[in-house]
Amino acid sequence: MKVLGIETSCDDTGVAIYDGQQGLLSHVLYSQLDPAVYGGVVPELASRDHLRKITPLVEACRQQANVSLSDLDAIAYTAGPGLIGALLVGAVFGRSLAYALEIPSLAVHHMEAHLLAPLLESPAPEFPFLALLVSGGHSMFVDVRGLGEYQILGETLDDAVGEAFDKTAKLLGLEYPGGPKLAKLALAGNPKAFHFPRPMIQRPDLALSFSGLKTHVLTVWEKSDKSDQTRADIALAFQSAVVETLTIKADRALEQTGLSRLVIAGGVGANLALRESLKQLMERRQGQLFFPRLEFCTDNGAMVAFCGYQHLSRGKRDGKEFFVKPRWDLSERD
Ligand code: KG4
Ligand code: ZN
């Protein structure tokens with residue numbers, strides 16, 4: 001079964017073809033350049049860019065995989081959560097193409113696709129596992145018992161981790177999306193310069209919150225000399241606070257659930273300091289850590305094609321209607 005996957009939930013247009021026997025055949029991605037110019041994602045511009053790119057990207061993906069449209073067995077598209085106009089482009093395109101080709105289609109939950117992305121790697125994690133999903137819009141610990149069996153154990157009460165990275169980066173004068181740029185800047189930081197609070201670690205639950213840390217960074221920044229070295233020191237102190245908080249909470253989640261496999265996914269999963277810290281945690285706990293290759297941490301079409309394949313191959317498909325859900329809880333994905 002060959003599944004075309006389409007991702008247009010935010011500002012990346014991702015297209016991929018996944019084959020049940022041969023695995024991932026091809027994947028292409030177009031990352032919009034506008035965010036750096038506008039200081040963030042402008043929904044209307046993102047939708048227009050998706051519209052411009054989707055057809056040439058599907059064509060490029062098809063050629064790379066050396067398959068014709070008539071070889072496709074199904075189409076999976078991201079239906080939410082995300083920006084409504086951006087989602088509509090992928091949904092209308094995907095559903096219409098499926099209609100024209102007379103093949104089934106399936107609406108995919110963006111966070112479920114992130115969560116399953118590590119299964120594209122080898123070795124793939126076996127169920128059950130604990131997932132730490134950290135992206136620009138969501139941050140959560142999920143108890144994953146099997147495909148479609150997701151229990152959210154704790155979520156952020158305010159900013160998502162990626163959002164906290166982006167806002168702190170902006171304060172330090174870095175362009176959107178600032179997460180990866182802040183991580184790079186932190187490499188030059190002096191670990192002894194600042195120590196920032198680790199939010200929520202006193203609470204026994206698995207909730208996260210980053211607004212207090214953000215305020216703390218702002219206060220320190222305003223009082224500082226704003227030199228290049230101070231910027232790097234603040235970047236490092238911020239990253240260390242986030243990484244240690246997530247590591248402590250991940251440890252707690254593993255303890256509470258008795259799980260021995262940890263999966264990290266979502267854009268912030270590309271952060272090397274976080275990966276290293278979680279690697280050490282899993283060594284200490286004698287468990288296993290899994291994560292997607294760097295390019296599949298951030299938004300991409302491969303995870304959507306893969307997630308769609310998993311459900312489609314088990315007989316799930318939508319009717320002829322299409323739908324998008326800008327707000328869509330992971331636990332209500334069915
Ligand atoms: O999963 P993703 O591509 O989009 C959403 O679904 O939100 O995540 C994007 C987020 C952005 O906030 C970006 O700054 C952050 O992931 N990010 C990083 C790194 N790479 C991407 N944050 C910290 N360190 C990184 N290396
Ligand atoms: Zn995402």
Open item on the list: Using ring pair (Phe, Tyr, Trp, His ring centres under 6.0 Å), reason through Phe296 and His27 one step at a time and then give a plain yes or no.
Closed with: CA-CA 10 Å; Phe296 292 165; His27 67 98; 4.8 Å; yes
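- A distance of 12.0 Å separates NE2 in His216 from CZ in Phe238, rounded to the nearest 0.5 Å.
- Between Trp221 and Ser224, the shortest heavy-atom distance links the atoms O-OG, 2.8 Å.
- Between Lys2 and Asp73, no side-chain nitrogen of the basic residue sits less than 4.0 Å from a carboxylate oxygen of the acidic one, so the salt-bridge criterion is not met.
- In this structure a side-chain-to-backbone donor-acceptor pair under 3.5 Å is present from Asp233 to Asn190.
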Open item on the list: Leu174 vs Arg231, test: side-chain contact (heavy atoms from CB on, under 4.5 Å). Steps then yes/no.
Closed with: CA-CA 10 Å; Leu174 302 169; Arg231 286 172 69 238; 3.6 Å; yes
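- Within 6.0 Å of NZ on Lys316 lie more than 12 heavy atoms contributed by other residues, nucleotides or ligands.
- Remark: side-chain polar atoms of Asp12 are not paired, donor with acceptor, to backbone N or O of Gly14 under 3.5 angstrom.
- Within a 6.0 Å radius of NZ in Lys226, other residues, nucleotides and ligands contribute more than 12 heavy atoms.
- Residues Leu119 and Ala124 approach most closely at O-CB, 3.7 Å, considering heavy atoms.
- Other residues, nucleotides and ligands contribute more than 12 heavy atoms inside 6.0 Å of the CD atom of Glu321.
- Within the 4.5 Å cutoff, no side-chain heavy atoms of Leu278 are placed close to those of Leu246.
- Between Thr8 and Ile54 the shortest side-chain heavy-atom distance falls below 4.5 Å.
- For the residue pair Asp299 and Cys10, the shortest heavy atom distance occurs at OD2-CB, 4.1 Å.
- To the nearest 0.5 angstrom, Leu29 atom CG is 8.0 Å from Leu57 atom CG.
- Although no hydrogens or angles enter the test, the distance criterion places a donor-acceptor pair under 3.5 Å between the side chain of Gln229 and the main chain of Ala188.
- Arg261 contributes a side-chain N or O that, together with a main-chain N or O of Pro128, makes up a donor-acceptor pair within less than 3.5 Å.
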Task: Test side-chain contact (heavy atoms from CB on, under 4.5 Å) applied to Tyr77 and Ser105, step by step - done: CA-CA 8 Å; Tyr77 61 86; Ser105 71; 4.2 Å; yes
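- Partner of Leu88 under the side chain to side chain contact (heavy atoms under 4.5 Å, CB included) criterion, out of Val324, Leu51, Leu83: Val324 alone.
- Connection of Leu274 to Phe291 is established within a shared hydrophobic cluster, with ILVMFWY side chains joined at heavy-atom distances below 4.5 Å, either directly or through further cluster members.
- Scanning all heavy atoms of the two residues, the minimum distance from Thr78 to Glu7 falls at OG1-OE1, 2.7 Å.
- In this structure the side chain of Asp329 reaches within 4.5 angstrom of the side chain of Ile152, judged on heavy atoms.
- The shortest distance between side-chain heavy atoms of Leu254 and Met282 falls below 4.5 Å.
- Rounded to the nearest 0.5 angstrom, Leu208 CG and Lys249 NZ are separated by 6.0 Å.
- Clustering ILVMFWY residues whenever any of their side-chain heavy atoms sit less than 4.5 angstrom apart, transitively, puts Val242 in the very cluster that holds Leu182.
- Remark: the backbone N or O of Val161 is paired with a side-chain donor or acceptor of Ser139 at under 3.5 angstrom.
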Task: Arg314 vs Gln310, side-chain hydrogen bond (donor to acceptor under 3.5 Å, both in side chains): CA-CA, chis, key distance, verdict - done: CA-CA 7 Å; Arg314 287 166 174 79; Gln310 293 300 327; 3.1 Å; yes
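- For Asp143 (side chain) and Leu130 (main-chain N/O), no donor-acceptor pair under 3.5 Å exists by modelled atom type.
- The shortest heavy-atom contact between Ala273 and Gln239 is CB-NE2, 3.4 Å.
- With a 4.5 Å cut-off on side-chain heavy atoms, Phe93 and Thr55 count as touching.
- A salt bridge is absent between Arg252 and Glu255; no separation between the charged side-chain nitrogens and carboxylate oxygens falls under 4.0 Å.
- Side-chain contact check for Ile6 versus Val304: every heavy-atom pair is 4.5 Å or farther apart.
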- [ ] Would you sort out whether Met1 and Tyr309 count as a side-chain contact (heavy atoms from CB on, under 4.5 Å), showing the intermediate values?
- [x] CA-CA 8 Å; Met1 180 184 237; Tyr309 168 78; 3.9 Å; yes
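- Taking the six-membered ring where the residue is Trp, Trp328 and His109 present tilted rings, their angle falling between 30° and 60°.
- Taking 4.5 Å as the limit, every side-chain heavy atom of Lys170 sits out of range of all side-chain heavy atoms of Tyr176.
- Tested against Cys307 for a side chain to side chain contact (heavy atoms under 4.5 Å, CB included), the candidates Leu115, Leu147, Val108 yield a single pass: Val108.
- In this structure, the separation between CZ on Arg317 and CG on Leu312 is 5.5 Å, given to the nearest 0.5 Å.
- Val220 and Phe210 fall within the same hydrophobic cluster, where Ile, Leu, Val, Met, Phe, Trp and Tyr residues are linked whenever their side-chain heavy atoms come under 4.5 Å apart, directly or through other members.
- Checked by atom type and distance alone, the side chain of Asn300 pairs as donor or acceptor with a backbone atom of Thr298 at under 3.5 Å.
- Side chain of Glu121 to backbone of Arg293: a donor-acceptor contact under 3.5 angstrom is found.
- Met303 places none of its side-chain heavy atoms less than 4.5 Å from the side chain of Pro292.
- Atoms CD1 and CG, on Ile201 and Asp251 in that order, are 12.0 Å from each other to the nearest 0.5 Å.
- From Arg198, atom CZ reaches atom OG1 of Thr245 across 6.5 Å, with rounding to the nearest 0.5 Å.
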TODO: Walk me through it: do Thr13 and Gln32 pass the test side-chain contact (heavy atoms from CB on, under 4.5 Å)?
DONE: CA-CA 8 Å; Thr13 323; Gln32 300 179 8; 4.3 Å; yes
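- Minimum interatomic distance between Phe196 and Val217 (heavy atoms only, all atoms of both residues): CE1-CG2, 3.8 Å.
- Annotation: Phe323, atom CZ; neighbour count of heavy atoms from other residues, nucleotides and ligands within 6.0 Å is above 12.
- Cluster annotation: Val268 is connected to Phe141 through the hydrophobic network of ILVMFWY side chains, with a link wherever side-chain heavy atoms come within less than 4.5 Å.
- Tracing side-chain contacts under 4.5 Å through hydrophobic residues (I, L, V, M, F, W, Y), one never reaches Val144 starting from Leu206; they form parts of separate clusters.
- In terms of modelled atom types and a separation under 3.5 Å, the side chain of Asp71 and the main chain of Ser68 share a donor-acceptor contact.
- Checked by atom type and distance alone, the side chain of Arg95 pairs as donor or acceptor with a backbone atom of Lys320 at under 3.5 Å.
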